[in-house]
Structures are given as C-alpha cells and as structure tokens.
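Notes follow once the structure below has been shown.
The figures that follow rest on heavy atoms only: side chains count, while hydrogens, waters and symmetry mates do not.
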Amino acid sequence: MRTYTLHVPEGSVRGDPRALEQAHLVRDGFAWGAFAFTVLWFVRHRLWLAALLVLAGLVAVAFAGRALALSPSAALVITVLASLLIGLEASSLRRWTYGRRGKPARDAVIAGSHEEAELKAAARWLNADTVPGVLTPGDATSAATRPTHRRGDDAVIGLFPASEGGR
C-alpha cells in the first residue's frame, strides 16, 4: 500500500467537482523514473525549477569530480549515489513545486494502485460531509473520558526547562 497526496488549487471548496479536474495525485516513495532518467523525469512532469536545480547539482558534482581527479569507478559510485538521492527526493520536490504553484496538498489517501488512489481521493473530496480531522458531536469524547495533562516535576523535556527557576 502506498500513500498518495492530493493537490488541488488554493481556494477550492471540498465537494467541488471542478477542483478535481485540475488536481494532481503524487505518490510518496522512491521514484524509479527519477532515479534512472533524473532531469528528463522532472521535465516530463513539468517541474522546470526542480529540473534546473537537479541539473545544476549534477553538473556541480561532475565538475567537483574532475577537479579532484577521481577515478572512473569513484565517479560512477558518486553518480549512482546522486541518482539514488534524486529518486528518494523526487516526490518531495514534486509536492514542493505544486505547493509553490498554488496547489497545496489537501488530502492524503492510502491505496494499492494509482487508480484506486484516484477513486478514493475523488470520493473523499466529493463527499463534503466527511472532512478529515473534524469530529462531529456524536464522535466527540466527553470531558470525563478525555485524558488530562498534568504538570509535574517531570513535565519538562528538552533544553528549555520552564520550571528550573533560580539555581
């Protein structure tokens, strides 16, 4: 099962079918196409700025390898590692680009295939009654069953203890 994020135009109202016409689903995880074809994968997905950044990074790595007079085998290992990094981060760069273009991630679905993710995302988007993260009055827990948070001596975790006072 994979996680997919739904990107729709800003200002879209849940339940509006016109927003789905401009929506994009981005699969989370390793992108084999980006690993194998690097810059061409970004161009294919119309991610121009990300393609330029990746191209500039690959050119910088190539020039650094030449300047350091690396052997061909070391250059191959570095190229494969750079491609591996690109494959791992391609989906994040795609989400970043959509967010920059005014299509932030508005929902996430878990599905076995892209088609199933499209169906689930469309069903959740068009069903305006089931907004993720909002509890209806029948679903809300009473104050008696809700856990209470106590402030004790061990309530401070980290580098900024508020209860230390004067030492």
Side-chain angles (χ1 to χ4, degrees), residues 1-66 70 73-141 146-147 157-158:
M1 299 294 267
R2 295 276 186 195
T3 304
Y4 295 82
T5 54
L6 177 68
H7 298 262
V8 293
E10 273 186 286
S12 298
V13 179
R14 185 174 287 277
D16 182 17
R18 290 174 293 176
L20 286 179
E21 293 174 6
Q22 300 173 356
H24 295 279
L25 271 177
V26 178
R27 189 185 81 158
D28 193 28
F30 190 77
W32 285 101
F35 170 74
F37 301 109
T38 58
V39 177
L40 295 177
W41 184 87
F42 288 98
V43 169
R44 178 190 177 276
H45 289 283
R46 301 176 55 101
L47 308 173
W48 312 118
L49 184 58
L52 284 173
L53 291 173
V54 168
L55 181 64
L58 290 175
V59 168
V61 166
F63 278 129
R66 292 235 186 238
L70 294 177
S73 60
L76 177 67
V77 168
I78 290 172
T79 303
V80 168
L81 289 175
S83 294
L84 182 68
L85 178 64
I86 291 167
L88 288 170
E89 293 299 323
S91 296
S92 296
L93 287 171
R94 194 172 174 194
R95 280 190 291 276
W96 171 74
T97 300
Y98 288 145
R100 199 176 49 80
R101 289 181 183 167
K103 293 182 180 182
R106 296 283 302 269
D107 199 3
V109 294
I110 298 174
S113 67
H114 190 77
E115 292 79 21
E116 182 183 352
E118 284 179 351
L119 291 173
K120 284 184 174 182
R124 285 175 58 158
W125 182 261
L126 294 175
N127 189 2
D129 296 335
T130 58
V131 178
V134 176
L135 292 176
T136 60
D139 295 337
T141 58
R146 213 176 287 148
I157 298 174

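- Between Leu93 and Ala50, the shortest heavy-atom distance links the atoms CB-CB, 4.4 Å.
- Atom CZ of Arg100 sits in a crowded spot, with more than 12 heavy atoms from other residues, nucleotides or ligands closer than 6.0 Å.
- In this structure, the separation between CZ on Arg14 and CZ on Arg106 is 6.5 Å, given to the nearest 0.5 Å.
- In this structure, the side chains of Lys103 and Gln22 come closer than 4.5 Å at one or more pairs of heavy atoms.
- Heavy atoms only, all atoms of each residue included: Met1 and Gly112 are closest at SD-N, 3.7 Å.
- Scanning all heavy atoms of the two residues, the minimum distance from Val43 to Ala51 falls at CG2-CB, 4.0 Å.
- Between Leu53 and Phe42, the closest side-chain pair of non-hydrogen atoms is not below 4.5 Å.
- A distance of 10.0 Å separates CG in Leu6 from NE2 in His24, rounded to the nearest 0.5 Å.
- Nearest heavy atom pair, residue Ala34 against residue Ile86, reads O-CG2, 3.7 Å.
- The two atoms that bring Ala105 and His7 nearest to each other are N-ND1, 3.4 Å, heavy atoms only.
- We find the NZ-CG distance between Lys120 and Leu25 to be 12.0 Å, quoted to the nearest 0.5 Å.
- Two residues are said to be in side-chain contact when any heavy atoms from C-beta on lie closer than 4.5 Å; Tyr4 and Ile110 fail this criterion.
- The two residues Gly29 and Ser91 have their closest heavy-atom pair at O-OG, 3.3 Å.
- In this structure, OH in Tyr98 is found 6.5 Å from CZ in Arg101, a value given to the nearest 0.5 Å.
- Between Leu58 atom CG and Thr79 atom OG1 the span is 8.0 Å, to the nearest 0.5 Å.
- For the atom pair CG (Leu76) and CG (Leu70), the distance works out to 12.0 Å, reported to the nearest 0.5 Å.
- Side-chain N or O atoms of Trp125 include one that pairs as donor or acceptor with a backbone N or O of Asp16 at under 3.5 Å.
- Classification of the Trp41-His45 ring pair by plane angle, with boundaries at 30° and 60°, yields tilted.
- Annotation: side chain of Asp28 is in contact with side chain of Arg95 (closest heavy-atom distance under 4.5 Å).
- For Phe37, the CZ atom sits in a loose shell: 12 or fewer heavy atoms of surrounding residues, nucleotides or ligands are nearer than 6.0 Å.
- Inter-residue side-chain proximity for Trp48 and Thr97 is flagged as unmet; no heavy-atom pair is nearer than 4.5 Å.
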